[in-house]
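So that the names make sense, note that chain A is the first sequence line, chain B the second, and so on, each numbered from 1. Predicted model, so just to flag it, every value in this text is computed and none were measured.
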4 protein chains.
Amino acid sequence: MTQTTKSSPGRPRSIEVHQAILQATLDLLAEFGYQGLSIEAIAARAGVGKATIYRRYNSKEELIAEAIECNRPQLTIPDTGSLWTDLEEVHKQAAELDLSPLGRQTIAMIISLASTIPQFAEIYWKKYVIPRRKAASIIFKRAKARGEMSPDVDPDLICDLMTGLLFKSILFQPETEEIKSYMRRALDFLLQGVTSKPSQ
Amino acid sequence: MTQTTKSSPGRPRSIEVHQAILQATLDLLAEFGYQGLSIEAIAARAGVGKATIYRRYNSKEELIAEAIECNRPQLTIPDTGSLWTDLEEVHKQAAELDLSPLGRQTIAMIISLASTIPQFAEIYWKKYVIPRRKAASIIFKRAKARGEMSPDVDPDLICDLMTGLLFKSILFQPETEEIKSYMRRALDFLLQGVTSKPSQ
Amino acid sequence: MTQTTKSSPGRPRSIEVHQAILQATLDLLAEFGYQGLSIEAIAARAGVGKATIYRRYNSKEELIAEAIECNRPQLTIPDTGSLWTDLEEVHKQAAELDLSPLGRQTIAMIISLASTIPQFAEIYWKKYVIPRRKAASIIFKRAKARGEMSPDVDPDLICDLMTGLLFKSILFQPETEEIKSYMRRALDFLLQGVTSKPSQ
Amino acid sequence: MTQTTKSSPGRPRSIEVHQAILQATLDLLAEFGYQGLSIEAIAARAGVGKATIYRRYNSKEELIAEAIECNRPQLTIPDTGSLWTDLEEVHKQAAELDLSPLGRQTIAMIISLASTIPQFAEIYWKKYVIPRRKAASIIFKRAKARGEMSPDVDPDLICDLMTGLLFKSILFQPETEEIKSYMRRALDFLLQGVTSKPSQ
DNA sequence: ACGTAACCGAGACGGTACGTCAGGTCTTATC
DNA sequence: GATAAGACCTGACGTACCGTCTCGGTTACGT
């Protein structure tokens, strides 16, 4: 179905151009936010014609989507042998990722776009929700196998509650450190009845 | 010191016009969403000159802000004598309010705008977060007094978790009914360990 | 037919206001020309409401017409006893009148408006053409009586030729002094064959 | 010095569009006059975006200038061998050109615009005054060579006097035929003393 | 003397056109 | 055939005035 090494006739699309477009997009995004981000400016910044962009993406949103998608690093799922140290690790990673300046900007924008363009909801779902749900699922499964956790806890629910709280915090709480501790407190609360937490 | 009946000179601003503008804004918002909401269309729909809008609001955002602020109905805090029926009632009210077509659109837009315009974060905070936190606080206090609930539960935390989840669901879950049942499940989970739930 | 002292009931229109409006109109006309002359600016300058202007005039043109008509000083027809000193005097008066900044602006504007608004053509005719023709007619008649001039010269033709030239010069010749000397030369040429010019 | 086949990069400006704009301008001008001539209407009539017009012209005046400039036919200088038949011919041409309905409109507008926008004075000067002065100059030079005319007559002065009279007549005299005969009479008068007019 | 009718300032009102800007499509010449 | 450049149509932007319409307040007559 898909041709693997089929090369179409004519000049191939330049990889440098591709990169330049994405980089320019991210630069301008970081500098001016989603508002004040024009295709015209991206083209100028990348030293590229507008048509070259439209040949690759059908809309501004698609372009931004790919720019974010390519740029966003992945979570690695820890396996320390203990539920709480695993969670600690995930919590640390997520905080680093999401609460950095660029991270906050990005999430805010994903949210913003998801609320208007359905296609973004999907991207977000794939790149953000699923990995976290998967991480939670794996960590919880291991914890259940170790008997650290009640077997009927729904990892997705926990994960969604935490993610929702994160969103809300990112939008409405400017203090990063407060978000971290509030999230931490929420996690403790959510798991208090269903796990055997070690005495700290 | 305070002038009670001070009236500026010149023709006073028409209240009908004011209302027409806000109504037109809400109508078009419900119909086309935030994108595709132009001042020109609002003016045309309201049967009003553009200048009349710009005389009142300096930007589209300001206008939308007031439209939402003026329109949004308030929650009434129930007092049925039982924690769970109270929650049932609040849950029903919130669902009706937030998950109606206009409600979803409005929330999505507030979220979207809050990420870029601080003023919107405030509106959301005042019109959404505070009332819900207050409702939760009162209901929980009564429940604690009745001994239905552990006294050290933080109502704000519960409320924020639920709000965050709602929020996330509205953005990424198109099925209204599924959101309702998922929210219901989340509430059960959150309160399972801290209350004496009646057998259903 | 006309009632002389009939006064309608109610407060009579203020004369000061009337004057202030006309003066403001002339001021702004001299300062900004016909373009850039807005009713709003006139009202502001005169310290008057717009309605007060529209109560008196149905259009900007009507207002300007009256402003000019009321303001324009008249030529006085000299009688020095000699054709050439009479002409000298008329020439001097007209130059002073027409080539002052306000004079140039006014003429330019009348010309400009005359092409579209018939009413302005009439103003020009009454305020510019007729007085000059009359002056020329009287001066020439006296000159003919004195035998200084051939009796079959048409004063209107001379006058119209001079007026047309002035007209053209005002539009296309910025240098006031050059206009004066060119007009002078034209006058000499026009009368050379039909008068006995004194040796200068 | 001059690049013959220099072509700037990018899509070249469309000639059809150019023509359509100018044609629409002239059409609307003839239909509604200078007042009531909006860029928006021109754009709509030409089937063109407003930006496309503003890319070419910085103002309505510039556009009108070019529309007129491109449209206005030139005089041809006759050479019949006789001053009076030459003048006859020029007179006929000018009458046909200037006193046609479009001609009157155009001249009125040139005058109108020249009085407010200096740039128009220049256009008029180049397209209107200079050609006529040149024609007069050539015809008179030939006449002087033939001995039909006194050698010290200034052709520019004659020409300007006639032009000025034409202007004045066009603005204030609605009857075309009367203008023609009056102009004819003026010409006779101007040249009576300086030429040997053939007996008619 | 006092009511009332027309005046006055201020400025809001529905409009029209302005000149600008960006979006997304197209047409060149060049690589 | 992809690219850089940039012209093209579309449509919304925010501004400036237009001419009309309320407002609250002020004269000056006519009873």
Side-chain angles (χ1 to χ4, degrees), chain A residues 8-14 16-17 36-44 46-60, chain B residues 5 7-14 16-18 20 36-44 46-60, chain C residues 7-14 16-17 36-44 46-60, chain D residues 5 7-14 16-18 36-44 46-60:
Chain A
S8 57
R11 177 175 174 179
R13 293 189 181 171
S14 158
E16 294 84 17
V17 162
L37 179 60
S38 69
I39 292 280
E40 231 136 55
I42 293 172
V48 142
K50 275 199 292 179
T52 303
I53 294 179
Y54 281 107
R55 201 173 293 117
R56 291 169 162 76
Y57 310 99
N58 291 320
S59 67
K60 182 156 71 164
Chain B
T5 25
S7 82
S8 60
R11 178 176 176 176
R13 296 193 179 167
S14 158
E16 294 83 20
V17 163
H18 215 100
L37 181 59
S38 68
I39 294 279
E40 227 138 57
I42 294 172
V48 144
K50 274 197 294 178
T52 302
I53 295 179
Y54 283 110
R55 201 174 294 120
R56 291 169 161 75
Y57 310 99
N58 291 320
S59 66
K60 183 155 67 165
Chain C
S7 78
S8 58
R11 177 178 177 176
R13 294 190 181 166
S14 158
E16 295 85 16
V17 163
L37 180 59
S38 68
I39 292 281
E40 227 135 58
I42 293 172
V48 143
K50 275 197 294 177
T52 303
I53 294 179
Y54 282 108
R55 201 173 293 121
R56 290 168 162 74
Y57 310 100
N58 291 320
S59 67
K60 182 156 69 165
Chain D
T5 26
S7 81
S8 60
R11 177 178 176 175
R13 295 194 178 165
S14 158
E16 293 85 19
V17 163
H18 214 99
L37 180 59
S38 70
I39 293 279
E40 227 137 56
I42 294 173
V48 144
K50 274 196 294 178
T52 302
I53 294 179
Y54 283 109
R55 199 175 294 118
R56 291 169 160 76
Y57 311 99
N58 291 320
S59 67
K60 183 156 67 165

Asker: Flag the pair Arg13(D) / His18(D) as yes when at least one side-chain heavy-atom distance between them is below 4.5 Å, and no otherwise.
Answerer: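 Not touching, per the 4.5 Å side-chain cut-off.
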Asker: Please name all residues satisfying salt bridge (charged side-chain N to carboxylate O under 4.0 Å, His left out) with Lys50(D), sequence neighbours left out, ordered by chain then number.
Answerer: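 Only Glu40(D) meet the salt bridge (charged side-chain N to carboxylate O under 4.0 Å, His left out) criterion with Lys50(D).
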Asker: Not counting sequence neighbours, which residues clear side-chain hydrogen bond (donor to acceptor under 3.5 Å, both in side chains) with Arg55(C)? List them please.
Answerer: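 With neighbours one apart ignored, the set is empty.
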Asker: Anything under 3.5 Å between a protein N or O and an N or O of nucleotides 24-26 of chain F, put it in a table, one pair a line.
Answerer:
from    : atom 1 : to       : atom 2 : distance (Å)
dT26(F) : O2     : Arg11(C) : NH1    : 2.8

Asker: For Arg11(B), enumerate each residue passing the side-chain contact (heavy atoms from CB on, under 4.5 Å) test, keeping only those at least two apart in sequence or located in another chain.
Answerer: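 With neighbours one apart ignored, the set is empty.
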Asker: Which residue lies toward the 5' end of DNA chain E, Pro12(B) or Val17(C), if each is placed at its nearest nucleotide?
Answerer: Val17(C)
Asker: Closer to the 5' end of DNA chain F via nearest nucleotide, is it Val48(A) or Gly10(B)?
Answerer: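 Counting from the 5' end, the first nearest nucleotide belongs to Val48(A).
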Asker: With nearest nucleotides of DNA chain F determined for Ser38(C) and Ala43(A) from heavy-atom distances, which residue corresponds to the more 5′ nucleotide?
Answerer: Ala43(A)
Asker: Whole angstrom is fine here: how far is it from CG in Leu37(B) over to P in dG11(F)?
Answerer: 17 Å
Asker: Identify, residue by residue, the members of residues 50-58 of chain B with a heavy atom below 4.0 Å from DNA chain F, and return them in order of residue number, or none.
Answerer: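 Residues of residues 50-58 of chain B that come under 4.0 Å of DNA chain F are, in numerical order, Lys50(B), Tyr54(B).
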Asker: Kindly write out the residues that satisfy side-chain contact (heavy atoms from CB on, under 4.5 Å) with Ala20(B), not counting sequence neighbours, or none if the list is empty.
Answerer: Ala46(B)
Asker: Which atoms form the tightest heavy-atom contact between Ala43(D) and Gly49(D), and what is the distance?
Answerer: CB-C, 4.2 Å
Asker: What is the distance, rounded to the nearest whole Å, between atom NZ of Lys60(C) and atom P of dG19(F)?
Answerer: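 Computing the Lys60(C):NZ to dG19(F):P distance gives 8 Å.
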Asker: What's the closest nucleotide to the side chain of Arg13(B) if the choices are dA12(E), dC18(E), dG23(E)?
Answerer: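 Comparing dA12(E), dC18(E), dG23(E) against the side chain of Arg13(B), the answer is dA12(E).
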Asker: Using the side-chain hydrogen bond (donor to acceptor under 3.5 Å, both in side chains) criterion, which residues pair with Tyr54(A)? Sequence neighbours excluded.
Answerer: none
Asker: How would you list, by chain and number, every residue that makes a side-chain hydrogen bond (donor to acceptor under 3.5 Å, both in side chains) with Ser38(B), sequence neighbours excluded?
Answerer: none
Asker: Using a 4.0 Å heavy-atom cut-off, does Ser14(B) contact any base of the nucleic acid, only the sugar-phosphate backbone, or nothing at all?
Answerer: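 Sugar-phosphate contact only - Ser14(B) comes under 4.0 Å of backbone atoms but never of a base.
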Asker: Starting from C1' on dG11(F), measure out to CD on Glu40(D) and report it in whole angstrom.
Answerer: 11 Å
